[in-house]
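A note on names: the letters A, B, ... follow the listed sequences, proteins ahead of strands, and every chain is numbered from 1. In this text, all values refer to a predicted model and were calculated from it rather than measured experimentally.
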2 protein chains.
Amino acid sequence: MNNARFPISLHILTLLAKEDGALLSSDYIAGSININPVLVRKEISNLRNHGMVESKEGKNGGATLAKPAAAILLSDVYHAVQQTSLLGNSRNHPNPDCPVGKQINQHLDELYKDIEGALLRKLEGVTLADFANKF
Amino acid sequence: MNNARFPISLHILTLLAKEDGALLSSDYIAGSININPVLVRKEISNLRNHGMVESKEGKNGGATLAKPAAAILLSDVYHAVQQTSLLGNSRNHPNPDCPVGKQINQHLDELYKDIEGALLRKLEGVTLADFANKF
DNA sequence: TCATTCTGTAATTCTATTTATTACAGTACA
DNA sequence: TGTACTGTAATAAATAGAATTACAGAATGA
């Protein structure tokens with residue numbers, strides 16, 4: 001994964017976990033991560049769609065956790081931001097006339113599913129509360 | 001990971017494993033993957049630096065495995081191409097005046113090391129021969 | 001009521017990264 | 001000695017990521 005969505009989402013969630021209950025504005029959060037507030041609002045929108053965050057519009061609005069930090073697994077965060085396959089895919093279609101080219105994507109997918117499973121088992125073992133308590 | 005270096009390298013190695021001993025040209029390999037031959041030569045150069053491939057210049061030249069496919073682990077391939085951290089890092093420095101911002105990278109690194117370990121244990125369990133035998 | 005301060009989201013621009021292409025020197029072979 | 005390769009640098013094109021601008025709409029409270 002080359003983009004920063006996982007660390008950004010985890011950073012947001014960690015801030016929310018530390019400020020238990022208080023509403024944090026996208027400007028404040030963006031200042032901690034040092035990115036643009038619009039990106040923060042986009043990620044919050046995504047986390048909200050995945051049930052981890054709720055937010056309030058208008059003056060004094062902001063975001064807060066939608067459930068206890070102990071009930072959010074890092075695997076939930078992974079699923080919320082994951083878009084590309086773990087170890088990458090060629091964007092061109094391999095040659096269907098080549099015995100290897102014809103089947104490589106299928107075998108890569110199986111391999112990826114396998115190693116992603118191992119990764120997920122690790123992430124399932126850590127809650128947001130565990131992570132936030134390190135700070 | 002967003003670039004295609006892992007699947008490209010694995011595709012190259014699989015072709016070489018299937019053609020046990022024969023020299024394959026970068027043009028032939030590029031035709032199977034459907035990418036530019038110069039990219040293939042670059043990846044082969046990298047795999048050669050990591051002791052997995054050897055190649056011969058000049059007419060009728062090409063590449064071949066430097067050791068038996070059973071002696072190449074997929075974790076070797078991962079190490080050879082891995083450049084960015086598994087789940088990404090924000091490229092901006094987080095705010096050092098924020099308690100979370102100040103420590104987030106350190107804690108992310110620990111987490112990444114942990115899950116990368118799980119991933120590597122999976123990849124260590126598969127040899128190139130195992131993978132190529134599926135075709 | 002209405003100015004203020006937020007969110008939500010779309011559209012655009014800017015920048016970085018990735019891939020493709022061009023070019024060519026050097027090597028091996030027949 | 002021409003041909004068919006590799007190796008590598010340089011550049012260009014394409015794609016993806018992030019920042020910015022813009023603005024409608026919601027909640028607040030003076």
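Taking the ring-ring contact (aromatic ring centres under 6.0 Å, His included) definition, one finds that F131(A) meets it with F135(A), sequence neighbours left out. D27(B) pairs by the salt bridge (Lys or Arg N to Asp or Glu O under 4.0 Å) definition with nothing, not counting sequence neighbours.
Checking dG8(C), dA19(D), dC29(C) against every side-chain atom of R41(A), the shortest atom distance belongs to dG8(C). Distance from the side chain of N3(B) is smallest to dT18(C) among dA23(C), dT18(C), dT21(D).
dA16(D) atom P lies 13 Å from atom CG of N89(A), rounded to whole Å. Note: CD (E43(A)) to C1' (dG8(C)) measures 14 Å, nearest angstrom. Rounded to whole Å, the distance from CG on N36(A) to C1' on dG17(D) is 13 Å. Between L39(A) atom CG and dC14(C) atom P there is a gap of 17 Å when expressed in whole angstrom units. Look at CD1 on I8(B): it is 14 Å from C1' on dT17(C), rounded to the nearest Å.
Neither OP1 nor OP2 of dT7(C) sits under 4.0 Å from any side-chain N or O of S45(A).
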Got a list of protein N/O to nucleotides 24-26 of chain D N/O distances below 3.5 Å?
unit_1	atom_1	unit_2	atom_2	d
dA26(D)	O4'	E57(A)	OE1	3.0

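Minimum heavy-atom separation, S9(B) to V81(B): OG-CG1, 3.5 Å. The shortest heavy-atom contact between P7(A) and L87(B) is CD-O, 3.2 Å.
Against DNA chain C, the stretch residues 10-34 of chain B makes no heavy-atom approach under 4.0 Å. Near DNA chain C, meaning a heavy atom under 4.0 Å from it, residues 93-109 of chain B has no residue at all. Contacts between residues 46-54 of chain B and DNA chain D, defined by a heavy-atom separation under 4.0 Å, are made by R48(B).
Ranked by how close their nearest DNA chain C nucleotide is to the 5' end, S55(A) and K42(A) are led by S55(A). Residues N60(A) and P37(A) both approach DNA chain D. Their nearest nucleotides, taken by heavy-atom distance, put P37(A) toward the 5′ side.
Of the possible polar contacts, one joining the T14(B) side chain to the L10(B) backbone as a donor-acceptor pair under 3.5 Å is found.
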